2 protein chains.
Amino acid sequence: MGDVPATNDLEQMLREVGLRVTRPRVAVLGAVHTLPHADTDSILGAVRAELPEVSHQAVYDSLHTLTAKGLVRRIQPSGSVSRYESRVGDNHHHAVCRSCGVIVDVDCAHGAAPCLTASDDHGFVIDEAEVIYWGLCPDCSTASS
Amino acid sequence: MGDVPATNDLEQMLREVGLRVTRPRVAVLGAVHTLPHADTDSILGAVRAELPEVSHQAVYDSLHTLTAKGLVRRIQPSGSVSRYESRVGDNHHHAVCRSCGVIVDVDCAHGAAPCLTASDDHGFVIDEAEVIYWGLCPDCSTASS
DNA sequence: CCATATTCTTGACTTGTTCAAGAAAAAGGG
DNA sequence: CCCTTTTTCTTGAACAAGTCAAGAATATGG
């Protein structure tokens, strides 16, 4: 875990979900693996390091497509722009720093898929419980004391 | 609970947190009480029903000030614009419909302030755990079946 | 290698929100 | 009750993220 997949693996991932393999998509998927929790702009920058000519639209399209196919996950805490991560399907959550906005992964406190039970679901068919822990990251909490 | 406070009560709330009492602020605070989970535009509309001349900027300013003083809470699920609610300080969560975007309140499943424990906080000083239940509301789940 | 469907480029546009300057209004002291 | 000071509101422009649309380019299956 934590390793960034090789290009071949990235192409494989795309094929497995039935997507055409294009240079922009491979680069975007790679960037999301390399830069967890990056915003669209950072991803665009990383992709252009490799493919200087890609349009921002291609990156937006790729991110949407990859999100729809479940290869990446979009996260968007209040007040933040969209960010993406490659860790999918393992029910983890996030801690967000109120001061600098940094995001870290937090494994779910209670095991497998625990938080999926609301006390009263009002008739909703719930498929996911998202938990965001708000606070100050180590750097900001020492800096502000 | 659930009653919309009278104008006098609203003014009182403003004074208690040290804010000047102005017509726009009273109207905004009232609108947030009347329309829970409303977006800025709906609030603007509700305020203008009463004060046709208010600027949208006054509404934005009021909402920010009220939020800063803790009289209202801002919520902003992924893909949604800012919404506001008047129910504050009681650790409740939200269920959001993926289809129509409607938001309902959900009381915390485990009691008082339970979700505030991450399995590993990475050194964060956490002050709030926000839970969003994603799914389909009763209307949308029957419509799409 | 070709045909077809998909994807990418280009560039304009929308929407929600913020910024800034001056006018208006609230609150406290005389 | 009026005046002064500070805060808030109005007006209007600006901004950023993301979306839309038309045509050019490219991937894939045959």
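Note on naming: letters A, B, ... go to the chains in the order of the sequence lines (proteins, then strands), and numbering restarts at 1 for each one. Scope of the values below: all heavy atoms of this structure, side chains included, with no hydrogens, waters or symmetry mates. Not measured: the values here are computed from a predicted model.
Counting heavy-atom neighbours within 6.0 Å of Glu53(B) CD, excluding the residue itself, gives a total of 12 or less.
His94(A) pairs in a side-chain hydrogen bond (donor to acceptor under 3.5 Å, both in side chains) with only one of the listed residues (Arg83(A), Glu85(A), Glu130(A)), which is Glu85(A).
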Worked verdict on Asp107(B) versus Arg87(B) for salt bridge (charged side-chain N to carboxylate O under 4.0 Å, His left out)
CA-CA 12 Å; Asp107(B) 289 309; Arg87(B) 203 179 144 187; 2.6 Å; yes

Between Arg23(B) and Glu11(B), does the salt bridge (charged side-chain N to carboxylate O under 4.0 Å, His left out) criterion hold? Intermediate values first, please.
CA-CA 9 Å; Arg23(B) 289 176 134 294; Glu11(B) 295 180 355; over 6 Å; no

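When each of dT17(C), dG18(D), dC8(C) is scored by its nearest atom to the side-chain atoms of Tyr60(A), the top-ranked nucleotide is dG18(D). Considering only side-chain atoms of Ser55(A), the nucleotide from dT9(C), dG18(D), dA27(D) that sits closest is dT9(C).
In terms of position on DNA chain C, the residue among Gln76(B) and Thr22(B) whose nearest nucleotide sits closer to the 5' end is Gln76(B). Both Val21(B) and Thr40(B) lie near DNA chain C, and the one whose nearest nucleotide falls closer to the 5' end is Thr40(B).
Contact annotation for Thr65(A): no contact, since no heavy-atom pair falls under 4.0 Å across all strands.
Atom-to-atom, CZ of Arg83(A) to C1' of dG18(D) comes out at 16 Å; the value is rounded to the nearest Å. Protein atom CZ of Arg48(B) is 9 Å distant from nucleotide atom P of dT10(D), rounded to whole Å.
Using five terminal pairs a side, the axes of the helix from dC1(C)-dG30(D) to dG30(C)-dC1(D) at its two ends make an angle of 40°, given in steps of 10 degrees.
A donor-acceptor contact under 3.5 Å links the side chain of Arg20(B) to the base of dT6(D).
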